[in-house]
Q: 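First the structure, then my questions, so here it is.
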Amino acid sequence: MRGQPQVLVNTPEIELWPGGLLRARGNRDARTLARARRVLRRKRDGRYLAADLPEGLQPLVPNLRREPGLDVALRALDLEPARSRPGIDVVPTLPLHRLEARLDRLGIDAAGYAGRTGLVLVAEPAWLAFAGSDRFGRPLWLHVDAARAWRNLRDAALRDGIVLESISAYRSHDYQLGIFERKRARGQDLEDILTVNAAPGYSEHHSGFALDIGTPGEPPAEESFEGTPAFDWLCRHAGEHGFAMSYPRSNPHGIVYEPWHWRYSR
Ligand SMILES: [Zn+2]
């Protein structure tokens, strides 16, 4: 790896992953992924679409040319993200226009939802920085400024004998849509899902500035986290590193209390 931080390049329908960070699904895949500069991955279901190899693009699915969003992804393949100067405004965001039709299909009235919750649509960044691994060893992605702040927060906690783990960081609109589609397919009521999950497009996780924090031995994303020394430490020190809890008890958005969910802002 070069000295630069690893980067996930994001387009509306396809993500461009560093090949070395993806899990292979077979021996042939493993060899291809290890050699790939980038792997094109469909956001909706995580399917590997193509590998960018030194000798050229190798399709990993039949009919690659008919894949929605392929042209945009191929153009992004050649762009090295601008990251010469740190700062919150450097990273461009993706357009939001695909989202409304998809919310419609889920039965969510976007204007009504936004008015009721006070939440706003959150655009995805055009690229994200590698921010370490979650407790299962899966790569975590954050806005480059939040990734740096998270490392500082984690190190500061460790110096006080507190182990912080990230459970979840950046999530795409497509990922959030998938959560809704799976829960709906299991027969859950839309209104019930909306008390636990922000509507696709409205989650702070889309921004790359929010992450869910846990500590070893605690179940992820449970209210019991508030009883841990890790939570106590966060309440005293997270602010010094630019992090704040987004959904305290009785928050105006009607979202359940989430002591594990923290957002970075400068
Ligand atoms: Zn969260």
Q: Could you check whether any side-chain N or O of N251 sits under 3.5 Å from a backbone N or O of P248, counting only pairs where one atom can act as donor and the other as acceptor?
A: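 Yes: the side chain of N251 pairs with the backbone of P248.
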Q: Applying side chain to side chain donor-acceptor pair (under 3.5 Å), which residue pairs with at least one partner in residues 186-200 are found, sequence neighbours left out?
A: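 Qualifying pairs, neighbours excluded: K183-N197.
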Q: With a 4.5 Å heavy-atom cut-off, do H237 and L234 have their side chains touching?
A: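 No - every pair of side-chain heavy atoms lies 4.5 Å or more apart.
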Q: Mind checking whether W262 and W150 have ring centres under 6.0 Å apart?
A: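 No, they do not, as the ring centres are separated by 6.0 Å or more.
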Q: Using side-chain contact (heavy atoms from CB on, under 4.5 Å), reason through L153 and Y264 one step at a time and then give a plain yes or no.
A: CA-CA 11 Å; L153 183 74; Y264 173 75; over 6 Å; no
Q: Compare every heavy atom of E15 with every heavy atom of S172, then report the nearest pair and how far apart it is.
A: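 Scanning both residues completely, I find the closest heavy atoms to be CB-OE2, 4.3 Å.
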Q: Indicate if L16 and V61 have the same hydrophobic cluster label, given that clusters are the connected sets of ILVMFWY residues with side-chain heavy-atom separations under 4.5 angstrom.
A: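 Same cluster: L16 reaches V61 through Ile, Leu, Val, Met, Phe, Trp or Tyr contacts under 4.5 Å.
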Q: Given side chains that start at C-beta, do those of E13 and V72 come closer than 4.5 Å, heavy atoms only?
A: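 They are not in side-chain contact.
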Q: Tell me whether L53 is reachable from L70 by hopping between hydrophobic residues (I, L, V, M, F, W, Y) whose side-chain heavy atoms are closer than 4.5 Å.
A: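 L70 does not cluster with L53.
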Q: Between H261 and E204, do the side chains contain a donor N or O and an acceptor N or O under 3.5 Å apart?
A: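 Yes, H261 and E204 have a side-chain donor paired with an acceptor closer than 3.5 Å.
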Q: Closer than 4.0 angstrom, basic N to acidic O: yes or no for R249 and E226?
A: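 Answer for the salt bridge query: yes.
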Q: Under 3.5 Å, is there a donor-acceptor pair between the side chain of H206 and the main chain of G201?
A: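 Checked: pair present.
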Q: Measure across P92 and W127 and return the closest heavy-atom pair with its distance rounded to 0.1 Å.
A: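 For P92 and W127, the tightest heavy-atom pair comes out as CD-NE1, 4.4 Å.
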Q: Does E181 pair with R44 as a salt bridge, N-O distance under 4.0 Å?
A: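 No, this pair does not count.
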Q: Tell me every residue that passes side chain to side chain donor-acceptor pair (under 3.5 Å) with Y202, counting only those two or more places apart in sequence or in another chain.
A: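 Side chain to side chain donor-acceptor pair (under 3.5 Å) list for Y202, sorted by chain: empty.
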Q: Do R41 side-chain atoms and G46 backbone N/O form a donor-acceptor pair below 3.5 Å?
A: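 Present.
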Q: Using a 4.5 Å cut-off on heavy atoms from C-beta on, say whether the side chain of P139 contacts that of Q6.
A: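 When only atoms from C-beta onward are counted, P139 and Q6 do not touch, as no gap falls below 4.5 Å.
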Q: Check P12 against L94 and note the closest heavy-atom contact, atom names and distance.
A: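 Smallest interatomic distance, heavy atoms only, reads N-CD1, 3.7 Å.
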Q: Could you go step by step and tell me if H205 and D212 meet the side-chain contact (heavy atoms from CB on, under 4.5 Å) rule?
A: CA-CA 9 Å; H205 286 280; D212 296 337; 3.1 Å; yes
Q: Which distance, rounded to the nearest 0.5 Å, do you find between the CG of L142 and the CG of L8?
A: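 Rounded to the nearest 0.5 Å, the CG-CG separation comes out at 11.5 Å.
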Q: Is there a path of hydrophobic side-chain contacts, each under 4.5 Å between heavy atoms, that joins W233 and W260?
A: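 Yes, same cluster.
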Q: Counting C-beta onward and ignoring hydrogens, is there a side-chain heavy-atom pair between Q176 and H173 closer than 4.5 Å?
A: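 Side chain of Q176 against side chain of H173, heavy atoms only: no contact under 4.5 Å found.
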Q: Under a 4.0 Å threshold between the charged nitrogen and the carboxylate oxygen, would D232 count as salt-bridged to R236?
A: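 Answer for the salt bridge query: yes.
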Q: Please say yes or no: joined through hydrophobic side-chain contacts below 4.5 Å, possibly via intermediate residues, are I162 and L211 part of one cluster?
A: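 Yes, it is one cluster - the side chains of I162 and L211 are joined through contacts under 4.5 Å.
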Q: Ignoring hydrogens and geometry, is there a side-chain-to-backbone donor-acceptor pair from R42 to E67 under 3.5 Å?
A: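 The answer is no, because no donor-acceptor pair under 3.5 Å joins these two groups.
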Q: Taking all atoms of both residues into account, what is the closest heavy-atom pair of T93 and A123, and its distance?
A: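 Nearest heavy atoms, T93 then A123: CB-CB, 3.6 Å.
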Q: Report the distance from atom CG of L194 to atom CZ of R116, rounding to the nearest 0.5 Å.
A: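 Separation between the atoms: 6.5 Å.
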Q: Looking at residues at least two apart in the chain, or sitting in another chain, which of them share a salt bridge (charged side-chain N to carboxylate O under 4.0 Å, His left out) with R35?
A: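 Listed in chain order: E55.
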Q: What I'd like to find out is whether the side chain of V91 reaches to under 4.5 Å of the side chain of L128, using heavy atoms alone.
A: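 No, side chains not in contact.
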Q: What pairs with F231 under ring pair (Phe, Tyr, Trp, His ring centres under 6.0 Å), at least two apart in sequence or on another chain?
A: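 With neighbours one apart ignored, the set is F225.
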Q: Does P125 offer a backbone N or O that forms a donor-acceptor pair with the side chain of N10 under 3.5 Å?
A: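 Looks like yes, one N/O pair under 3.5 Å.
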Q: Testing F130, F209, Y170 one by one against W141 for a ring-ring contact (aromatic ring centres under 6.0 Å, His included), which residue passes?
A: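 The single option meeting the ring-ring contact (aromatic ring centres under 6.0 Å, His included) with W141 is F130.
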Q: Could you tell me which non-hydrogen atom of P59 sits nearest to which non-hydrogen atom of L57, and how far apart they are?
A: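 Minimum heavy-atom separation between P59 and L57: CD-O, 3.6 Å.
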Q: Would a distance-only check, ignoring hydrogens and angles, find a side-chain to backbone donor-acceptor pair under 3.5 Å from E258 to S246?
A: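 Pair absent, no side-chain N/O of E258 close to backbone of S246.
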Q: Show the nearest heavy-atom pair for residues A221 and I167, with the distance to one decimal.
A: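 In terms of heavy atoms, the two residues are closest at N-CD1, 4.0 Å.
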Q: A side-chain contact here means heavy atoms from C-beta on lying under 4.5 Å apart; do F180 and L190 qualify?
A: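 Yes, their side chains come closer than 4.5 Å.
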Q: With H253, which residues qualify under ring pair (Phe, Tyr, Trp, His ring centres under 6.0 Å), at least two apart?
A: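 For H253, no residue satisfies ring pair (Phe, Tyr, Trp, His ring centres under 6.0 Å) once neighbours in sequence are set aside.
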Q: Can F243 and I213 be said to form a side-chain contact (heavy atoms from CB on, under 4.5 Å), step by step?
A: CA-CA 11 Å; F243 284 91; I213 298 175; 5.5 Å; no
Q: Is it true that atom CD of E100 has more than 12 heavy atoms of other residues, nucleotides or ligands lying nearer than 6.0 Å?
A: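 Count not over threshold, so no.
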Q: Using residues 102-114 as the side-chain source, report each donor-acceptor pair under 3.5 Å to any protein atom, sequence neighbours left out, with the distance given to one decimal.
A:
from : atom 1 : to   : atom 2 : distance (Å)
R102 : NH1    : D174 : OD1    : 2.7
D109 : OD1    : A111 : N      : 3.4
D109 : OD1    : G112 : N      : 3.4
D109 : OD2    : G112 : N      : 3.2
Y113 : OH     : A199 : N      : 3.1

Q: Do T228 and E218 have a side chain donor and acceptor closer than 3.5 Å?
A: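 Side chains of T228 and E218: no pair found under 3.5 Å.
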Q: Less than 4.5 Å apart, side chain to side chain, heavy atoms only: is that true for L64 and L40?
A: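 Sidechains of L40 and L64: no contact.
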Q: Nearest 0.5 Å, what's the CD1-CZ distance between I179 and R184?
A: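 It is 15.0 Å, given to the nearest 0.5 Å.
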Q: Side-chain contact, heavy-atom cut-off 4.5 Å: E165 with P216?
A: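 Yes; the side chains approach each other to less than 4.5 Å.
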